[in-house]
Number of protein chains: 2
Amino acid sequence: MLTERRQNILRLIIEDYVASAEPVGSRALVRKNALGLSPATIRNEMADLEILGYLEQPHTSAGRVPSAKGYRLYVDSLLSPEQLSEKDVSLIEHWYQSKTQRLDDVFRLTAKILSRITRNLSFVLTQAHQERVFRYMKFLPLDEQRAILVLVTDSGVVENRVFRLPPGVIWEELEQVAERLSNRLAGVSLTNLDERVLQEVREAIVQNAALYADTVAMLRETQSASKREQLYLGGATHLLNQPEFRDLEKARGLLSVIEEERLVRDLLQVQKDDGVFVTIGEENKFSGIQDCSMIQATYRLDGKTVGTLAVLGPTRMEYAKIISVVNFLHHYLKGVVEQNNER
Amino acid sequence: MLTERRQNILRLIIEDYVASAEPVGSRALVRKNALGLSPATIRNEMADLEILGYLEQPHTSAGRVPSAKGYRLYVDSLLSPEQLSEKDVSLIEHWYQSKTQRLDDVFRLTAKILSRITRNLSFVLTQAHQERVFRYMKFLPLDEQRAILVLVTDSGVVENRVFRLPPGVIWEELEQVAERLSNRLAGVSLTNLDERVLQEVREAIVQNAALYADTVAMLRETQSASKREQLYLGGATHLLNQPEFRDLEKARGLLSVIEEERLVRDLLQVQKDDGVFVTIGEENKFSGIQDCSMIQATYRLDGKTVGTLAVLGPTRMEYAKIISVVNFLHHYLKGVVEQNNER
DNA sequence: TGTTAGCACTCCTTGATGTTGAGTGCTAAC
DNA sequence: GTTAGCACTCAACATCAAGGAGTGCTAACA
């Protein structure tokens, strides 16, 4: 366990470094912080902190830089929780005001807001991993040649599909098919359709191959839609503003990780608990982002993960602020999703 | 009009520069191309081409670099149309094979393919700018407390919305409302809903304010959905690989233009004709991309623009190849969209 | 025992300087 | 019209010295 004074020095170093991106030296530290000690004393403490692994030196005769372990300690126990400034809160509310219609837009907007306020890259991942149970299906007329096949699930989601009426088909006949299938499929989970069920469907509409194809396609689509994930992303530009990405190689490595949706999803699925969660430096999975930290929060509904939002930036980031922003938006989004879901 | 020889020299310079990204000098040019002339002669020609505005010199004693005007001439008349290599064609087909289900996925995939093959940034913009005409609406039962309001338009698109049944409402009553509204609204264009129509709707369901709200919201959503644009984007990483973006300032400027969907849409809406279309350097609207060229193609359906695909890269790009790729995918996408639409 | 002043040392950064090489323009000869 | 020759330009690169911020260590001090 570190002495209070060492913790304090570590905290000051981190905060200075986060602000300036320059290694911080002993003299500079005392100049800025009037802490009643001489540079020499600080030097001694810094040397010890380095031995303990909380600081690093880019080279002899440069100042000290926090190590991943240093950041970790900072995030876990040194950092003083920050309130979101009123200005930021009102900004956020202002941005959200404009459109709150489509859930889709809310997520997109959230990613944008998150990146603007934190000045870092942000993600919003929605995992609409909902169980969908078939309720009934029905045909609706459209015109002489076409009709609509409508599929209703227990959550009220309606999938629909326009199809050409097979020549010579009678409307009553279609209604019978719908009736028969509705009875057969009622209560079946569309999340795990198996061959047995499809076979039954096939048997129920032997007369009409085209109709069968459309029906099955629609069932499948509903199935895949219920597993659908969507990733929203904002503020990649901010990364290039960070001095750590002067080095083009690094920037490129990072961008290529981000462009692979697959990888991002992997990143975001790490977390199993609710609440805000910080990954620092090498704790991250992929090599492109091992100089980065990520602050993420997952929100759930009835115990199931339905989405994650996250901020990604250099390890040298304003943890306190970003954590508070993520927290805030996390709650906001949770509210929106819940409200939308009970409708 | 340039002499044949000058055109030839210009073409060679451009192709050399595109490949190497280095200013090309007279000596180097003759060495590589065995064109039976001495460097001195080439120098004379180059000097003339520079005076005419087709070439530029970064500084005295550097080689020549094509100007925007030079590229323009090249694209318009010097460039020999290229066939897509068989390898590329089979690659494309392979990629498309996997999933052809959702239109959505097709666009996303197209953006990805486009950027992979051209090694540049690519866009796919869909402008589902379709006139939608109301046909009828209908209620479908869901459970004791909820029902589904379904809206059918002439193109067969069905919008639907779950709502809570007002307590004490009778099903027959709802059906009457639907009937009444269907009659009133049949044939009305949802693309330009006006207050008069909404007023009529209001009158038709005076009894039930909640129902009114849901109905109007749905009409509005259908309206906005019919104007909905979607932008897909792929391969931003490639830009950072280009030597012209060593300069971080430039890269950042470009990325920030790209991140503003609004701006990108603006860019892509320039074009009014069908077919492939090239914008070079300063011909582009925004300052962030004035070192860039864009190759785009718009596809239409019944005379209406429904989508655009585009490749954006440094002016120094492989025009012939990229044009052929854009062309190819353009036709492919057109086919997919048409097929999807007539279903 | 903890703190501090002093000092030699390290090493990045910056700017000046010289060298190299690819390329040019011009002139005169073919 | 083409070409060889030549003086000139200028970015790129390497080398070198000076400056400055920072360190570690030792010895003195409270």
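Order of the sequence lines fixes the chain letters, A, B, ..., with proteins taken first and strands second; residue numbering starts at 1 for each chain. Basis for what follows: all heavy atoms, side chains included, without hydrogens, waters or symmetry-related copies.
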Verify the contact: side-chain N or O of Ser26(B) to OP1 or OP2 of dT24(C), cut-off strictly under 4.0 Å; return yes or no.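 Result: yes.
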Answer yes or no: does a side-chain N or O of Arg64(A) lie under 4.0 Å from OP1 or OP2 of dT23(D)?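 Yes, because at least one side-chain N or O of Arg64(A) sits under 4.0 Å from OP1 or OP2 of dT23(D).
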Let me know the distance between [atom1] of [X] and [atom2] of [N], rounded to the nearest Å.
X        : N       : atom1 : atom2 : answer
Leu55(A) : dG24(D) : CG    : P     : 11 Å
Glu45(B) : dT2(D)  : CD    : P     : 7 Å
His59(B) : dG23(C) : NE2   : P     : 10 Å
Ile42(B) : dA22(C) : CD1   : P     : 19 Å
Glu22(A) : dC11(C) : CD    : P     : 19 Å
Tyr17(A) : dG22(D) : OH    : C1'   : 16 Å
Leu29(A) : dA21(D) : CG    : P     : 16 Å
Glu56(B) : dG23(C) : CD    : C1'   : 17 Å

Is it true that Lys250(A) and Glu244(A) have a side-chain N and a carboxylate O under 4.0 angstrom from each other?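 Glu244(A) and Lys250(A): not salt-bridged.
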Looking at the side chain of [X], which of [options] is the nearest nucleotide?
X        : options                   : answer
Glu50(A) : dT4(C), dG24(D), dA21(D)  : dG24(D)
Ala47(A) : dG24(D), dG22(D), dC12(C) : dG24(D)
Thr41(B) : dT4(C), dT3(D), dC12(C)   : dT3(D)
Gln57(A) : dT3(D), dT24(C), dG24(D)  : dG24(D)
Ala40(B) : dA4(D), dC11(C), dT23(D)  : dA4(D)
Arg5(A)  : dT3(C), dC11(C), dC10(D)  : dT3(C)
Ser38(B) : dT3(C), dG25(C), dA4(D)   : dA4(D)

### Query
Going by modelled atom types, is there a donor-acceptor pair between the base of dT23(D) and the side chain of Ser61(A) at under 3.5 Å?
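It does not, because no donor-acceptor pair links the side chain of Ser61(A) to the base of dT23(D) below 3.5 Å.
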* Under 3.5 Å donor-acceptor pair, Arg43(B) side-chain atoms to dG25(C) base atoms ->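 In this structure, the two groups form a donor-acceptor pair.
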Exercise. What do you reckon, are the aromatic ring centroids of Tyr74(B) and Tyr54(B) less than 6.0 Å apart?
Worked result: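 No, ring centres 6.0 Å or more apart.
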Atom CD of residue position Glu261(B) - does it have more than 12 heavy atoms of other residues, nucleotides or ligands inside 6.0 Å?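 Correct, the count exceeds 12.
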Original post:
Is the backbone of Ser256(A) close enough, under 3.5 Å, to the side chain of Glu259(A) for a donor and an acceptor to pair up by distance?
Top reply: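 Side chain of Glu259(A) to backbone of Ser256(A), a donor-acceptor pair under 3.5 Å: no, none is there.
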Worksheet item: Mind checking whether Pro243(A) and Arg316(A) have side chains closer than 4.5 Å, heavy atoms only?
Response: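 Contact flag for Pro243(A)/Arg316(A) side chains = yes.
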>> Just so I know, are the side chains of Asp88(B) and Lys321(B) near enough to count as touching, which here means a heavy-atom distance under 4.5 Å?
In response: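 SC-SC contact between Asp88(B) and Lys321(B) confirmed.
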**Request:** Go ahead and name the base partner of dA28(C); Watson-Crick or wobble counts if both distances stay under 3.5 Å, otherwise write none.
**Result:**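 dT3(D) - that is the nucleotide pairing with dA28(C), both distances being under 3.5 Å.
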Item to complete: Could you check which nucleotide pairs with dC10(D) in any of the strands shown, counting Watson-Crick or G-U wobble with both distances under 3.5 Å?
Response: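 Its partner is dG21(C) (Watson-Crick or G-U wobble, both distances under 3.5 Å).
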#### Entry: Position toward the 5' end of DNA chain D (nearest nucleotide), Asn44(A) or Pro23(A)
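The residue mapped nearer the 5' terminus is Pro23(A).
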